[in-house]
2 protein chains.
Amino acid sequence: MGDSPTPCGRRRCRGKEYSCSMELSLAVIGGKWKPLILWHLRGGGTMRFSALRRSMPIITQKMLTQQLRELEADGLISRTVYAEVPPRVEYGLTEPGCDIIPILEALCRFGRDFENRFGVEEAAPPAVRAVAP
Amino acid sequence: MGDSPTPCGRRRCRGKEYSCSMELSLAVIGGKWKPLILWHLRGGGTMRFSALRRSMPIITQKMLTQQLRELEADGLISRTVYAEVPPRVEYGLTEPGCDIIPILEALCRFGRDFENRFGVEEAAPPAVRAVAP
DNA sequence: CCGTATCCATCATGATACTG
DNA sequence: CAGTATCATGATGGATACGG
């Protein structure tokens, strides 16, 4: 490996403080929704905001926007705004962004092994959101 | 991959709710200190509490205890208490815990590539903790 | 359509003190 | 030595409303 993760000697890269490369990686992709966003973009093409949103029904607009901005600031995704009416914005992976995909695949495999080892059950259906009367 | 990460159909495994295996993985190893703890245990032997603590000067005792308990509950590390005075507790990786190491190595590599791509600087020295007068 | 701005609840983390 | 217990706080995420 060559990179001791001993947390002495804190460094900074793109505004993130960390003590070892792994910490930096987690700072970059560790956000609650970031792996999922990158995952949906893994095909190589671009997706527009609304398509991303549809693919993650749980996420709020605020969080999607926020996480996309951070991923963009970290150089993992590209953002292209088309000056049209109505507006259109397309998101895609950059080269560094593509580098994460194999790791996400490995994470996914680990998760599946974990499930197989310990068993899965259906989650209780999410409490139905009360409709305003 | 075979496992669509589409967030429909929430599942539950060991008390964690998630929508795709990757989410589960992040729930298991995503804690702020967990990757670091697992990393320090990667040698294959065991370490006692105080040794782990020394290897992560920043972490508080409370957080170390807490994260160790969660890792243990998730079956990633083993915890052995020796009935001695003074007490001795040894931590080590279980087999599922060992499975994560290659992923952490990949994460570490990604972080290093990221640093090389975008550059690193020394972090400002951590504000010296005021000594009580 | 694709956002920003604001306010608010919750939780994760930290500081500190105490114990078997 | 290896923890618990307690309290404080700051980051994180969600609901809602509004804007170009």
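For the numbers below, each heavy atom of this structure counts, side chains included, while hydrogens, waters and symmetry mates do not. Numbers restart at 1 for each chain; the letters A, B, ... are given by sequence-line order, proteins then strands.
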What integer distance in Å separates [X]:[atom1] from [N]:[atom2]?
| X | N | atom1 | atom2 | answer |
| --- | --- | --- | --- | --- |
| A:Arg53 | C:dG3 | CZ | P | 11 Å |
| B:Lys34 | C:dA12 | NZ | C1' | 12 Å |
| B:Met56 | C:dT13 | CE | C1' | 16 Å |
| B:Leu68 | D:dC1 | CG | P | 17 Å |
| B:Leu26 | D:dT12 | CG | P | 16 Å |
| A:Ile58 | D:dA15 | CD1 | C1' | 15 Å |
| B:Leu64 | C:dA12 | CG | C1' | 16 Å |
| B:Met47 | D:dA2 | CE | P | 11 Å |

Starting at the 5' end of DNA chain C, which residue's closest nucleotide do you reach first, A:Tyr91 or B:Gly31? A:Tyr91
Which sits closer to the 5' end of DNA chain C, A:Pro86 or A:Lys62, going by the nucleotide each is nearest to? A:Pro86
Check A:Arg48 against A:Glu90 and note the closest heavy-atom contact, atom names and distance. N-OE1, 3.7 Å
Side chain of B:Phe49: nearest nucleotide among C:dG3, D:dA2, C:dC2? D:dA2
Step-by-step side-chain contact (heavy atoms from CB on, under 4.5 Å) determination, A:Thr80 to A:Thr46: CA-CA 9 Å; A:Thr80 314; A:Thr46 62; over 6 Å; no
On DNA chain D, compare the nucleotides closest to B:Thr65 and A:Met63; which residue's is nearer the 5' end? B:Thr65
Strictly below 4.0 Å: does [X] bring a side-chain N or O up to OP1 or OP2 of [N]?
| X | N | result |
| --- | --- | --- |
| A:Arg48 | C:dC1 | no |
| B:Lys32 | C:dG14 | yes |
| B:Arg69 | D:dT4 | yes |
| B:Ser50 | D:dA2 | yes |

B:Glu84 atom CD, neighbour heavy-atom count above 12 within 6.0 Å: yes
Find the distance between CD1 (A:Ile29) and CZ (B:Phe110) and round it off to the nearest 0.5 Å. 6.5 Å
Quick one: label B:Gln61 by what it contacts on the DNA or RNA (base, sugar-phosphate, nothing), any heavy atom closer than 4.0 Å. base
What nucleic acid atoms does A:Arg79 come within less than 4.0 Å of, heavy atoms only: base, sugar-phosphate, or nothing? sugar-phosphate
Lys/Arg N to Asp/Glu carboxylate O, A:Arg42 vs A:Glu105, below 4.0 Å: no
